[in-house]
Amino acid sequence: MADNRLVAVVTGANKGIGKAIARRLLLQSIKPIIVYLTARNIDRGQVAFDEIKREQMRVQPHSENELRFHQLDVSDLDSIHTFIDYLTLMHGEESVDILINNAGGVVRSANGASQGANAAVVRTCDADTAYKIVHLNYYTAVNTTSLMLPHMRPRGRVVFMVTALAHLGIFSGDLAKVLVSDDLHLNGLHIIENGFISSVGKGTFSNYGFPPMPFAVAKAGLIAYARMLARIFQSDSRELVFAAVCPGYVKTDMTGPYAPLSPDQGAETPAYVALADDKRLKKHNGGLWKHMKPIKW
């Protein structure tokens, strides 16, 4: 018998918001669903899987929804290919309904300071750290999505976890206009992100309109990428939906213990976008979401 359940993939789901998203999808999806909780570290991923699975068995012992774990290092192209091969083996060539790009995180600079959502000034961030932040929080999601796109099912959803810190107002000069231009292509977006890294090394980032915020520049790239994909796939018969989602100020490794929202609260909007009615999402395809509503970038 064919398995007609939805298939969802959550990257970086062994803790924090990613784990909470996987949990919400599993427990809240009305349509039967298989949720792949993925993580780079097998032991930590297995612990997260076991915790959520125990909860499901307690509160929904007869549910058709199923949680599965698979190792995935989004910084390793071989790991991404291996996971996609597994998905196609298990679910066919078009194997994914929901892809949530959550993996990313903190980078330690040469002086030991934490560089992530709270990285305020680039003067404390060397070029190598800027490179690591952009690659960890921008290129990994772009690479994962690019390789997954041929395997998305009709009416599939692709979600990028971002931050409201990456609003257009942090850019100066013509950079904001370029980021929202309908002429922007992926190579151009890569040039912008690489240009930021280069300008950090030279100390000239402000001359090119960049703010002193590596994490925000990386996430702005993902917001622009979501917009770009919605435009590129507008005529695709699968009617794919793309969204960038800000979870709010959530307690994570990047933000520290004083943020007001729990990971479960932060998971509310990405889970909503992943499972909500098609019509509302299509109207705002490629848009930025927060508090379960589309917001202006």
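The model shown is predicted, which means the values in this text are computed figures rather than measured ones.
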For residues [X] and [Y], determine if any side-chain heavy atom of one lies less than 4.5 Å from a side-chain heavy atom of the other.
{"X": "Ile80", "Y": "Leu72", "value": "yes"}
{"X": "Val159", "Y": "Trp289", "value": "no"}
{"X": "Ile17", "Y": "Asn102", "value": "yes"}
{"X": "Pro247", "Y": "Val250", "value": "yes"}
{"X": "Thr38", "Y": "Phe69", "value": "no"}
{"X": "Glu239", "Y": "Pro154", "value": "no"}
{"X": "Glu55", "Y": "Arg58", "value": "yes"}
{"X": "Leu179", "Y": "Leu168", "value": "yes"}

Counting only N and O atoms by type, is there a donor-acceptor contact under 3.5 Å from the side chain of [X] to the main-chain atoms of [Y]?
{"X": "His185", "Y": "Gly188", "answer": "yes"}
{"X": "Asp73", "Y": "Asp78", "answer": "no"}
{"X": "His151", "Y": "Glu93", "answer": "yes"}
{"X": "His167", "Y": "Gly169", "answer": "yes"}
{"X": "Lys251", "Y": "Ala259", "answer": "yes"}
{"X": "Thr88", "Y": "Asp85", "answer": "yes"}
{"X": "Trp297", "Y": "Ala166", "answer": "yes"}
{"X": "Ser95", "Y": "His91", "answer": "no"}
{"X": "Gln46", "Y": "Asp43", "answer": "no"}
{"X": "Arg54", "Y": "Phe49", "answer": "no"}

Legend entry - Check: Thr144/Tyr139 side-chain N/O donor and acceptor closer than 3.5 Å: no

Inset, instruction - Specify whether Tyr86 and Tyr36 have parallel, tilted or perpendicular ring planes, treating 30° as the upper limit for parallel and 60° as the lower limit for perpendicular. - result: perpendicular

Inset, instruction - Evaluate the ring planes of Phe171 and Phe210, with Trp represented by its six-membered ring, and classify them as parallel (under 30°), tilted (30 to 60°) or perpendicular (over 60°). - result: perpendicular

Minimum heavy-atom distance [X]-[Y], with the two atoms named:
{"X": "Val273", "Y": "Leu281", "answer": "O-CD1, 3.2 Å"}
{"X": "Pro32", "Y": "Glu64", "answer": "CG-OE2, 3.9 Å"}
{"X": "Ala274", "Y": "Arg157", "answer": "O-NH1, 3.2 Å"}
{"X": "Ala127", "Y": "Gly201", "answer": "CB-CA, 3.5 Å"}
{"X": "Ile100", "Y": "Pro270", "answer": "CD1-O, 4.3 Å"}
{"X": "Cys246", "Y": "Leu288", "answer": "N-CD1, 4.4 Å"}

State yes or no: do [X] and [Y] share one hydrophobic cluster built from I, L, V, M, F, W and Y residues joined by side-chain heavy-atom distances below 4.5 Å, directly or via other members?
{"X": "Ile133", "Y": "Ile191", "value": "no"}
{"X": "Val162", "Y": "Leu261", "value": "no"}
{"X": "Met148", "Y": "Leu189", "value": "yes"}
{"X": "Leu99", "Y": "Leu77", "value": "yes"}
{"X": "Met161", "Y": "Leu222", "value": "no"}

Tell me whether [X] at atom [atom1] has more than 12 heavy atoms from other residues, nucleotides or ligands lying less than 6.0 Å away.
{"X": "Gln234", "atom1": "CD", "value": "no"}
{"X": "Lys177", "atom1": "NZ", "value": "no"}
{"X": "Arg68", "atom1": "CZ", "value": "yes"}
{"X": "Lys15", "atom1": "NZ", "value": "no"}
{"X": "Tyr208", "atom1": "OH", "value": "no"}
{"X": "Arg40", "atom1": "CZ", "value": "no"}
{"X": "Arg44", "atom1": "CZ", "value": "no"}

Inset, instruction - Given side-chain contact (heavy atoms from CB on, under 4.5 Å), test Ile98 with Ile33 step by step and report yes or no. - result: CA-CA 10 Å; Ile98 299 164; Ile33 192 171; 4.2 Å; yes

Quick check for you: to the nearest 0.5 Å, what is the distance between [X] atom [atom1] and [Y] atom [atom2]?
{"X": "Asn41", "Y": "Gln71", "atom1": "CG", "atom2": "CD", "value": "8.5 Å"}
{"X": "Ser63", "Y": "Met57", "atom1": "OG", "atom2": "CE", "value": "10.0 Å"}
{"X": "Ile52", "Y": "Asp50", "atom1": "CD1", "atom2": "CG", "value": "10.0 Å"}
{"X": "Asn143", "Y": "Ser75", "atom1": "CG", "atom2": "OG", "value": "10.0 Å"}
{"X": "Leu149", "Y": "Ile232", "atom1": "CG", "atom2": "CD1", "value": "9.5 Å"}
{"X": "Glu268", "Y": "Ile21", "atom1": "CD", "atom2": "CD1", "value": "12.0 Å"}

Side-chain ion pair, [X] and [Y], N-O less than 4.0 Å:
{"X": "Glu51", "Y": "Lys53", "answer": "no"}
{"X": "Arg5", "Y": "Asp3", "answer": "yes"}
{"X": "Asp264", "Y": "Arg24", "answer": "yes"}
{"X": "Asp97", "Y": "Lys31", "answer": "no"}

Legend entry - Evaluation steps, side chain to side chain donor-acceptor pair (under 3.5 Å), between Asn101 and Thr145: CA-CA 8 Å; Asn101 291 285; Thr145 300; 3.0 Å; yes

Legend entry - Chi angles and distances behind the side-chain contact (heavy atoms from CB on, under 4.5 Å) call for Leu87, Val9: CA-CA 10 Å; Leu87 291 173; Val9 173; 4.2 Å; yes

Inset, instruction - Begin with the C-alpha distance, continue with both residues' side-chain angles, and end with the deciding distance and a verdict on side chain to side chain donor-acceptor pair (under 3.5 Å) for Tyr131 and Asn194. - result: CA-CA 8 Å; Tyr131 170 88; Asn194 289 335; over 6 Å; no

Inset, instruction - Show the numbers, then the answer: is there a side-chain contact (heavy atoms from CB on, under 4.5 Å) between Leu37 and Leu67? - result: CA-CA 7 Å; Leu37 182 159; Leu67 184 67; 4.0 Å; yes

Legend entry - Worked verdict on Gln56 versus Leu27 for side-chain contact (heavy atoms from CB on, under 4.5 Å): CA-CA 7 Å; Gln56 184 196 26; Leu27 299 181; 4.0 Å; yes

Inset, instruction - Answer with yes or no after comparing the ring centroid distance for Phe242 and Phe160 against a 6.0 Å cut-off, counting only values under it. - result: no

Legend entry - Matching residue for Phe233 among Arg238, Met228, Met152 - test: side chain to side chain contact (heavy atoms under 4.5 Å, CB included): Arg238

